[in-house]
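Read the structure below first, then the notes.
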Amino acid sequence: WHHGLIATALTLALAVLAFTVAPRLAQAPETPAASPTAPRETPVPTPPPPPPHSERLDALLKTLPRTASFSAAAARIEAAWGGRPLARTTLRTHLGQLRALGLPAALETFHPSRRDTSFVALLRLDDRAALVAAGDGPPIEAPLAQVDALWTRDAVVFWPEPPEFRASREAREGWARVALSGLGYSEPDLPTAVRRFQQDTQLVPDGLLGSRTRMALFARSGSVRLLDAGAGRP
């Protein structure tokens with residue numbers, strides 16, 4: 001019985017040792033932590049491609065008479081403004097400045113096949129295309145690169161202005177005081193307010209209400225932006 005007792009004790013000891021060192025297979029495996037869900041990126045809409053090169057515009061710029069083309073462009077712009085009396089001024093400018101002004105303009109254009117220039121009416125302008133009118137035909141949508149390549153950088157900009165502004169200094173100054181005050185230029189001395197406005201709009205700061213200053217003041221004072229509104233859209 002001594003041998004049997006020793007054998008029993010050894011069996012129990014081995015069983016305890018095996019239970020201690022063996023893997024605990026009966027335990028449920030740990031659940032791995034869920035990885036955070038990455039936020040979904042909002043797809044960026046692809047802008048529409050620019051319109052194709054306009055052969056019609058190219059052909060018109062070869063033959064448009066200079067004087068008649070300017071008269072036609074001015075008539076298109078007057079119609080876009082609803083027939084209101086318009087003032088105008090000439091600018092040496094670029095498409096970015098015209099886009100900032102938001103005012104229709106007659107662009108002086110050239111063509112390599114001719115010596116003189118002609119004019120088209122710029123009626124709408126966006127990031128990829130321009131809507132122009134040449135002669136008495138329907139408007140033409142052309143890519144910006146084509147319009148920019150055929151433009152001399154000279155433009156005649158039009159905006160509505162009462163006829164009495166040209167004859168009455170008091171009428172011009174009264175309108176300018178209201179417009180400047182609305183834009184934050186409230187100096188009691190009008191030339192000082194005009195000069196500060198001119199400095200902020202990159203005009204010659206002479207303190208005078210010339211045509212370019214009145215144009216910029218009209219464009220900045222909450223007026224209708226015809227280039228964005230699509231004036232002259234077919």
Side-chain angles (χ1 to χ4, degrees), residues 47-51 53-54 56-58 60-61 64 66 69-111 117-135 137-161 176 179 183 194 197-205 209-234:
H53 182 88
S54 174
R56 180 165 161 256
L57 177 61
D58 189 70
L60 283 171
L61 295 185
L64 281 175
R66 177 178 169 82
S69 66
F70 180 80
S71 299
R76 292 294 188 109
I77 294 171
E78 289 172 1
W81 280 115
R84 287 184 281 175
L86 300 180
R88 69 191 190 195
T89 191
T90 302
L91 289 179
R92 184 76 174 172
T93 183
H94 51 83
L95 290 177
Q97 186 176 34
L98 290 178
R99 184 182 288 110
L101 289 171
L103 302 177
L107 305 183
E108 185 181 27
T109 58
F110 69 94
H111 195 275
T117 59
S118 59
F119 291 86
V120 299
L122 176 64
L123 302 175
R124 177 166 54 84
L125 185 62
D126 58 33
D127 292 334
R128 66 184 187 91
L131 188 72
V132 298
I140 303 168
E141 188 177 43
L144 285 185
Q146 181 182 5
V147 174
D148 206 31
L150 297 172
W151 176 36
T152 67
R153 301 298 182 271
D154 285 335
V156 182
V157 183
F158 295 76
W159 72 98
E161 188 173 85
L183 294 172
V194 171
F197 172 76
Q198 290 169 330
Q199 290 173 339
D200 291 346
T201 51
Q202 299 180 352
L203 296 171
V204 177
L209 287 172
S211 59
R212 294 183 181 182
T213 300
R214 300 198 311 275
M215 174 210 61
L217 188 54
F218 176 86
R220 293 288 186 93
S221 58
S223 307
V224 176
R225 296 175 56 83
L226 289 189
L227 288 189
D228 295 339
R233 187 187 298 273

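Note on ring orientation: taking the six-membered ring where Trp is involved, the planes of F158 and F70 are tilted (angle from 30° to 60°).
The shortest side-chain heavy-atom distance between L217 and L183 falls under the 4.5 Å cut-off. For the pair P160 and L86, the minimum side-chain heavy-atom distance is below 4.5 Å. A 4.5 Å side-chain heavy-atom check between L103 and W81 finds at least one atom pair inside the cut-off. Using a 4.5 Å heavy-atom threshold, the side chains of R92 and Q97 count as separate. Counting heavy atoms from C-beta outward, P139 and R76 have side chains that approach closer than 4.5 Å. Inter-residue side-chain proximity for V156 and I77 is flagged as unmet; no heavy-atom pair is nearer than 4.5 Å.
Under the rule for a salt bridge (Lys or Arg N to Asp or Glu O under 4.0 Å), R88 has no partner lying at least two apart in sequence or in another chain. By the side chain to side chain donor-acceptor pair (under 3.5 Å) test, R212 is found to be paired with no residue, residues two or more places apart in sequence or in another chain being considered. Scored by the side-chain contact (heavy atoms from CB on, under 4.5 Å) test, P205 finds R195, Q198, Q199 as partners (sequence neighbours excluded). Take S118 and apply the side-chain contact (heavy atoms from CB on, under 4.5 Å) test, not counting sequence neighbours, and it matches L61, L64, S69, T109, R114. Partners of T152 according to the side chain to side chain donor-acceptor pair (under 3.5 Å) rule, which considers only residues two or more places apart in sequence or in another chain, are E108. For A142, the side-chain contact (heavy atoms from CB on, under 4.5 Å) partners at least two apart in sequence or on another chain are S54, L57, Q146, V147.
Among all heavy-atom pairs drawn from D126 and R128, the shortest one is OD1-N, 2.9 Å. Considering every non-hydrogen atom in both D58 and H111, the closest pair reads OD1-NE2, 3.1 Å. Closest of all the heavy-atom pairs between A155 and A105 is CB-CB, 4.3 Å.
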Pair V120, I140 - check side-chain contact (heavy atoms from CB on, under 4.5 Å), show working. CA-CA 10 Å; V120 299; I140 303 168; over 6 Å; no
Residue pair L144, L125: steps toward the side-chain contact (heavy atoms from CB on, under 4.5 Å) verdict: CA-CA 8 Å; L144 285 185; L125 185 62; 3.3 Å; yes
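Put simply, the side chain of R84 never gets that close to the backbone of E161: no donor and acceptor are under 3.5 Å apart. R153 places a side-chain N or O within 3.5 Å of a backbone atom of D148 that can act as its donor or acceptor partner.
For the atom pair D154 CG and F119 CZ, the distance stands at 8.0 Å (nearest 0.5 Å). To the nearest 0.5 Å, atom CG of residue L98 and atom OG1 of residue T93 are 4.5 Å apart. Summarising the geometry, atom CG belonging to L122 is positioned 5.0 Å from atom CG belonging to L107; distances are rounded to the nearest 0.5 Å.
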